[in-house]
Amino acid sequence: MDLQQTADPRQAPDQAPQPAPQQPAGLPRSAAGHRQADPQHADPVPFFTQAASFTSLWPRIEQHLGEVLADGKFSHGAKVGELERALAEYTGARHVIGVNSGTDALVLLLRAAGLRPGDEVVVPAFSFVATASSVVLAGGRPVFADVDPVTYALCPESVERVLTPRCRFLMPVHLFCQLADMTRLGELAGRHGLTVVEDSAEAIGMRLGGVHAGLLGAGGVLSFFPTKTLGAIGDAGAVLTDDDGIAETAGALRHHGRFGRTLGDFTTINTGSTLPGCNSKMDDIQAAVLLAKLTRLDADIARRAELAAAYDRRLAGTPGVLRLPTAVDRGERAEPVFYVYVAEFERRDELARHLADFGVQTETYYPSPLHLQPCFAELGHHPGDFPAAEAACTRTLALPLYPDLPPDAVDRVCDVIQDFYAGARP
């Protein structure tokens, strides 16, 4: 494989790539010419790890942590405010509100955007459960629509079919590596008087026509779960918006409904609560880690793109590989970002077990469509209601992809996949 190991000119010295580990000698070659997978000689390939990144970033992390300890406020403090300003500069958002998870960010965004009890929110049937559960937690009712089979994002035609007079919100989800069709969905929302809020939890760095994900409607969110493109060392999230009113309300809701300046200010802790809010303050320790990692986010995004291209080269044309990730031309300058590398495979579950036998960890995105999840049974859906979403749930598998992944690991993963479909056995 010809994945480049030269340093990115944007990288700081502590980001220089390390030499790839040598592949064990003496492994047999398959008829196709690649080294045949051998569990006796293979080191595990984790689905995700950031150990090497933390080692190189530790001086920066330590500096930020020292400032947190010196400040003496470990939640909702000055470091959170510093992160909010840095993310606003990176995304171009007028307002960034740090909270304690991407799920809370969705709940608070919906409430701040004016969701009323019983309002319906159209969401895709193929997504993480928090997309729909956040609607319920905010007091609304999810209405499912099918997805585009290429992008896995909301299908505008399906949205048109499920709309009712009670629908007030449309929540596209930007999955895996690219934005939903925000131009068509925005036009649809305008015709029907719907407010667009984006589940952009996976989409940091994704832009359309220079506009960052989460800023193409009333607002969006970011998740900083550790595996995300910008990941913390625990749970954290943020609301993004250009709307002053939404920002003010979301900021109050995260801190028990207290308006005014509470971030980093002990004296306002006991002020009155105007709204029934919640405790969704971001920890300053998470903000410290995220500030350090933000300095190399663009280099990490570039590295993810290199690894995705390496998978594409090795897996293209492989029997049993049904679909590789495909960036769709939106007619505007679009900037995809590979949060995960999700492809579709025949006998997906058998392949996942085979990869695990060879020490390769994978993730199934997603094992069940949302409309068939037990927690939404009362909505009365049945198999066959949303065929594209249901088909994706039987075929999609995420392969290891993260900046610390060495290029020879991509070759090893692809060798195991190709041997599986060739019928090879250890």
Side-chain angles (χ1 to χ4, degrees), residues 3-18 47-54 56-57 60-61 83 86-93 96 102 151 153 173-180 198 200-216 220-232 236-238 240 289-313 324-328 330 332-343 365 398-407 409-410:
L3 187 62
Q4 295 297 312
Q5 285 297 290
T6 54
D8 188 311
R10 296 170 295 180
Q11 290 177 321
D14 64 355
Q15 297 169 239
Q18 300 298 312
F47 180 70
F48 175 80
T49 177
Q50 52 186 340
S53 292
F54 266 92
S56 64
L57 280 171
R60 293 175 182 169
I61 295 172
L83 174 65
L87 287 170
E89 181 177 357
Y90 183 84
T91 62
V96 176
T151 65
V173 182
H174 310 309
L175 279 183
F176 306 149
C177 68
Q178 63 190 311
L179 296 172
E198 299 168 65
S200 46
E202 300 179 358
I204 193 164
M206 296 185 195
R207 293 177 174 84
L208 180 66
V211 180
H212 196 279
L215 302 174
L216 295 157
V221 304
L222 296 174
S223 170
F224 304 119
F225 185 74
T227 60
K228 292 293 191 288
T229 309
L230 178 64
L240 306 180
V289 171
L290 291 168
L291 277 164
K293 295 183 74 176
L294 186 59
T295 62
R296 59 187 284 177
L297 176 59
D298 285 339
D300 283 351
I301 288 173
R303 181 64 173 164
R304 288 171 176 271
E306 291 175 355
L307 292 165
Y311 273 124
D312 285 348
R313 288 191 296 271
L324 297 177
T326 303
V328 174
R330 298 297 189 198
E332 298 182 67
R333 181 167 55 88
E335 299 175 39
V337 172
F338 276 88
Y339 159 53
V340 288
Y341 188 89
V342 172
Y365 286 81
L399 306 178
L401 184 135
Y402 45 89
D404 291 351
L405 185 71
V410 173

Engineer: Evaluate the criterion side chain to side chain contact (heavy atoms under 4.5 Å, CB included) for residue pair Tyr341 and Asp312; output intermediate values, then yes/no.
Structural biologist: CA-CA 10 Å; Tyr341 188 89; Asp312 285 348; 2.6 Å; yes

Engineer: Taking Glu198 for its side chain and Leu216 for its backbone only, find out whether a donor-acceptor pair lies under 3.5 Å.
Structural biologist: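 Between the backbone of Leu216 and the side chain of Glu198 there is a qualifying donor-acceptor contact (under 3.5 Å).
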
Engineer: Which heavy-atom pair separates Ser200 from Gly214 by the least distance, and what is that distance?
Structural biologist: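 Nearest pair, atom of Ser200 first, then Gly214: OG-CA, 3.6 Å.
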
Engineer: For the side chain to side chain contact (heavy atoms under 4.5 Å, CB included) test, which of Thr295, Val289, Leu291 pairs with Lys293?
Structural biologist: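 Of all the options given, the one that passes is Val289.
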
Engineer: By the definition side chain to side chain contact (heavy atoms under 4.5 Å, CB included), identify the one residue from Ile204, Leu297, Ile301 that meets it with Val337.
Structural biologist: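 Only one of Ile204, Leu297, Ile301 forms a side chain to side chain contact (heavy atoms under 4.5 Å, CB included) with Val337, namely Ile301.
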
Engineer: Can you find a pair of side-chain heavy atoms, one from Val96 and one from Tyr90, that are under 4.5 Å apart?
Structural biologist: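 No, side chains not in contact.
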
Engineer: For Phe176, does its backbone N or O pair with a side-chain atom of Glu202 as donor and acceptor, under 3.5 Å?
Structural biologist: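 Yes, because the side chain of Glu202 sits within donor-acceptor range (under 3.5 Å) of the backbone of Phe176.
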
Engineer: Might you work through the side chain to side chain contact (heavy atoms under 4.5 Å, CB included) test for Thr227 and Tyr339, ending with a clear yes or no?
Structural biologist: CA-CA 8 Å; Thr227 60; Tyr339 159 53; 3.3 Å; yes

Engineer: Can you say whether the rings of Tyr365 and Phe47 are parallel (under 30°), tilted (30 to 60°) or perpendicular (over 60°)?
Structural biologist: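 Aromatic pair Tyr365/Phe47 classed tilted.
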
Engineer: Could you pull out the closest heavy-atom pair between Gln50 and Gly231, with the gap in Å?
Structural biologist: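 Between these two residues, the closest heavy atoms are OE1-O, 4.4 Å.
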
Engineer: Is there side-chain contact between Leu222 and Leu230, with heavy atoms separated by less than 4.5 Å?
Structural biologist: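 When only atoms from C-beta onward are counted, Leu230 and Leu222 do not touch, as no gap falls below 4.5 Å.
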
Engineer: Apply side chain to side chain contact (heavy atoms under 4.5 Å, CB included) to Phe48 and Val340, showing your working.
Structural biologist: CA-CA 10 Å; Phe48 175 80; Val340 288; over 6 Å; no

Engineer: Quick one: closest heavy-atom pair of Ser56 and Arg296, and the distance?
Structural biologist: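 Scanning both residues, the minimum pair turns out to be OG-NH1, 2.7 Å.
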
Engineer: Got a second to check how far Leu208's CG is from Gln178's CD, nearest 0.5 Å?
Structural biologist: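 Rounded to the nearest 0.5 Å, the CG-CD separation comes out at 11.0 Å.
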
Engineer: Rounded to the nearest 0.5 Å, what separates atom CD in Glu306 from atom OH in Tyr311?
Structural biologist: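 Atom-to-atom, Glu306:CD and Tyr311:OH are 14.0 Å apart.
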
Engineer: Would you name the heavy atoms of Ala308 and Leu401 that are closest together and state the gap between them?
Structural biologist: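 Nearest pair, atom of Ala308 first, then Leu401: N-CD1, 3.7 Å.
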
Engineer: Locate the shortest heavy-atom distance separating Ser223 from Lys228; write the atom from each residue and the value.
Structural biologist: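 That would be O-CG, 3.4 Å.
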
Engineer: Measure the spacing between CG of Leu83 and CZ of Phe224 and express it to the nearest 0.5 Å.
Structural biologist: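 Going from the CG atom of Leu83 to the CZ atom of Phe224 covers 6.0 Å.
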
Engineer: Should His212 and Arg207 count as side-chain neighbours, where that means a heavy-atom distance under 4.5 Å?
Structural biologist: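 Of all side-chain heavy-atom pairs linking Arg207 with His212, at least one is under 4.5 Å.
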
Engineer: I'd like to know if the side chain of Thr326 reaches the main chain of Leu324, judged simply by a donor and an acceptor atom lying under 3.5 Å from each other, with no hydrogens or angles considered.
Structural biologist: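 Answer holds: yes.
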
Engineer: Could you check Thr229 against Asp300 for side chain to side chain contact (heavy atoms under 4.5 Å, CB included), going step by step and ending with a plain yes or no?
Structural biologist: CA-CA 8 Å; Thr229 309; Asp300 283 351; 5.6 Å; no

Engineer: Any side-chain donor-acceptor pair under 3.5 Å between Ser53 and Asp404?
Structural biologist: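 Per modelled atom types, Ser53 and Asp404 side chains form a pair under 3.5 Å.
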
Engineer: What is the minimum heavy-atom distance between Leu215 and Thr91, and which atoms define it?
Structural biologist: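 Heavy atoms of Leu215 and Thr91 come nearest at CD1-O, 3.6 Å.
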
